[in-house]
Amino acid sequence: MTVRVGVIGAGWIGHEHIRRLTHQVTGARVTAVTDIDAARAEEAAASVGARVLPDGAAVVADDVDAVLVTSWGTTHAEHVLNAIAAGKPVFCEKPLATTAEDCLRILEAETAHGRRLVQVGFMRRYDAGYRQMKQVIDSGRIGEPLIVHCAHRNPTVPESYTSAMAALDTAVHEVDVLRWLLDDEIVSAQVVTPRSTSKRFEHLKDPQIMLFETAKGVRIDLEVFVNCQYGYDIQCETVGEEGLVRLPDPAAVGVRTAARHSTEVLTDWVGRFAEAFDTEFREWLAGVAAGEEPTGPSAWDGYAATVITAATVEALETGRVVGTDLKPRPTLYGGTA
């Protein structure tokens, strides 16, 4: 079966996913595209022979098997709710919604529908290294997890990047993947701000050290440093009672020349997680084609990420330890509520 996909949002990430669905993975055909910028929609649609439709509601109502939402974050809830009402599988790039209230509306709608339709685009769960870490932790080889050390470093960010975005746009990926790795919930957040780098724009607090605690008592420290200059560097180490497991760096050749031994460091997230994106869409499309519920990050995971990152921003702004105060998890998502 070829899954007919309607795409809402033809900006950079939307265009990249259209390319991925057309040329990188099999089993999909983009048949409808919309964007608030008509010219951008026309360009994206023409590249794959798709129809241009006036808005997201028209895409959902069109003759498509599934919907891909890559529009501006504040519009995500509207499009996801429309897809649920139409009974169509929907892949929503993060965030699921920009407020906890909108996330809860989505949870309520999907629960009322009676089965999962929503998958949220947290691609790190599909990275080979993180999946290997998950296997080790779940196997019990390192004993019960006690501590997790993480770093998320970017070479630079534009002037439009704000201190709050360190949590909302950057650390959100660690928030999701750590909840998944540990099979545990984050219950509090704290932010410590060391001396700021001189390489930042003046308004920005960078780096930041985010401290999380989970329901089982695991302590997580996450360095977010978005002007590190040297490259795009993702680190993760889980320390258990009997050992530790560390995320591998991307494979790279070692070069020996001029009395030095060096390996290259990637400079952006596109190269670092390209294979994870491909795997993410292959598995999502296979589930859609088989008529199965998605197995990837759920609407509940999207809700949790929104709440936890909001608490992290509050912790940054107030200097306090802030509880996440998540609602009880509904049974549709493995809870008891």
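Worth knowing before you read on, the calculation uses all heavy atoms, side chains too, and leaves out hydrogens, waters and symmetry mates.
Residue Leu168 shares its hydrophobic cluster (ILVMFWY side chains chained together at separations under 4.5 Å) with Val313. Residues Leu104, Leu107, Trp300, Val307, Leu326, Leu332, Tyr333 make up the rest of the hydrophobic cluster containing Tyr303, defined by ILVMFWY side-chain heavy atoms closer than 4.5 Å, directly or through other members. Membership of the apolar cluster around Ile209 extends to Val192, Leu211, as traced through chained side-chain contacts below 4.5 Å between ILVMFWY residues. Grouping Ile, Leu, Val, Met, Phe, Trp and Tyr residues whose side-chain heavy atoms lie under 4.5 Å apart, directly or via other members, places Val255 in a hydrophobic cluster with Val253.
Taking the salt bridge (Lys or Arg N to Asp or Glu O under 4.0 Å) definition, one finds that Arg105 meets it with Asp102, sequence neighbours left out. Judged as a side-chain contact (heavy atoms from CB on, under 4.5 Å), and not counting sequence neighbours, the contacts of Ala44 are Ala10, His15, Ile18, Val33. By the side chain to side chain donor-acceptor pair (under 3.5 Å) test, Asp127 pairs with Arg272, sequence neighbours left out. With sequence neighbours excluded, no residue forms a side-chain contact (heavy atoms from CB on, under 4.5 Å) with Glu242.
Within the structure, no pair that satisfies the ring pair (Phe, Tyr, Trp, His ring centres under 6.0 Å) test touches residues 307-329, not counting sequence neighbours. The ring pair (Phe, Tyr, Trp, His ring centres under 6.0 Å) pairs that include a residue from residues 120-149 number zero, where partners must be two or more places apart or lie in different chains. Listed by first and then second residue, the ring pair (Phe, Tyr, Trp, His ring centres under 6.0 Å) pairs that reach into residues 230-279 are Trp12-Trp269, His17-Phe277, His152-Tyr232, Trp269-Phe277, sequence neighbours excluded. Among pairs with a residue in residues 75-100, those fulfilling ring pair (Phe, Tyr, Trp, His ring centres under 6.0 Å) read Phe91-Phe281, Phe91-Trp284, at least two apart in sequence or across chains.
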